[in-house]
Amino acid sequence: MSSEFITGDSKTKLVQLKINNATFAIAPTSVVTAQLVTKDKMKVLTAEPVSCADDMLGADWDTSLVAVKFPRASTAGVKTFGAALLEIQVTTDPIGDPEDWTFYIPVTITKGNLA
């Protein structure tokens with residue numbers, strides 16, 4: 001995965017999640033959401049979190065490979081550039097006994113000029 005997010009772009013990013021350095025299976029009934037946050041985790045940068053689905057292009061939830069795609073409008077207003085984090089939360093069994101796994105992936109936010 002390219003770790004660069006350009007503001008105003010709408011592009012799918014593939015993210016390999018691991019627990020204890022190993023891939024894992026994400027059940028199709030899980031809920032996966034993502035957002036961009038500051039490096040210190042104190043401020044959300046994207047307009048709203050996005051939902052990730054197991055049928056998104058390139059995703060392979062059997063091996064914890066998640067596809068994340070922010071719409072242009074979600075990143076166009078980002079005013080913080082440089083080092084940041086992609087926060088991804090996997091909620092297993094959302095209806096029965098939910099359990100959350102949150103991951104922080106280092107990324108770089110670059111100012112786009114065409115959006």
In Å and rounded to the nearest 0.5 Å, what is the [atom1] to [atom2] distance from [X] to [Y]?
| X | Y | atom1 | atom2 | result |
| --- | --- | --- | --- | --- |
| Glu48 | Ser74 | CD | OG | 6.0 Å |
| Lys13 | Lys69 | NZ | NZ | 11.5 Å |
| Asp54 | Leu65 | CG | CG | 12.0 Å |
| Leu57 | Leu14 | CG | CG | 7.5 Å |

Connecting only ILVMFWY residues whose side-chain heavy atoms lie within less than 4.5 Å of each other, what is the rest of [X]'s hydrophobic cluster?
| X | value |
| --- | --- |
| Met42 | none |
| Tyr104 | Val37, Val44, Leu85 |
| Met56 | none |

For this session: Kindly determine whether Leu86 and Leu36 satisfy side chain to side chain contact (heavy atoms under 4.5 Å, CB included), including the steps that lead there.
Result: CA-CA 5 Å; Leu86 174 62; Leu36 292 172; 3.9 Å; yes

State, to 0.1 Å, how close [X] and [Y] come at their nearest heavy-atom pair, and which atoms those are.
| X | Y | answer |
| --- | --- | --- |
| Cys52 | Ala34 | SG-CB, 4.3 Å |
| Ala47 | Ala73 | CB-O, 4.1 Å |
| Lys79 | Phe81 | O-CE1, 3.5 Å |

Exercise. Of all residues at least two apart in sequence or in a different chain, which pass the side-chain hydrogen bond (donor to acceptor under 3.5 Å, both in side chains) check with Thr38?
Worked result: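 Result, side-chain hydrogen bond (donor to acceptor under 3.5 Å, both in side chains) vs Thr38: Asp40.
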
Exercise. What residues form a side-chain hydrogen bond (donor to acceptor under 3.5 Å, both in side chains) with Ser51, not counting sequence neighbours?
Worked result: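 Ser51: no side-chain hydrogen bond (donor to acceptor under 3.5 Å, both in side chains) contacts found.
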
For this session: On the 0 to 90° scale, with breaks at 30° and 60°, tag the Phe70-Phe5 ring pair as parallel, tilted or perpendicular.
Result: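 Ring orientation, 0 to 90° scale: perpendicular.
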
Whether [X] side chain and [Y] backbone form a donor-acceptor pair below 3.5 Å:
| X | Y | value |
| --- | --- | --- |
| Ser64 | Leu17 | yes |
| Thr7 | Gly112 | yes |
| Thr75 | Gly8 | yes |

Exercise. Can you list every pair that meets side-chain hydrogen bond (donor to acceptor under 3.5 Å, both in side chains) and has a residue in residues 26-36, with sequence neighbours left out?
Worked result: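 Listed by first then second residue: Gln35-Glu87.
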
For this session: State whether a side-chain donor-acceptor pair under 3.5 Å links Thr102 with Gln89.
Result: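 Yes - a donor-acceptor pair under 3.5 Å links their side chains.
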
Problem set entry | ILVMFWY cluster, Val78 and Ile6 together (side-chain gap under 4.5 Å) |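 No: no chain of side-chain contacts under 4.5 Å links Val78 to Ile6.
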
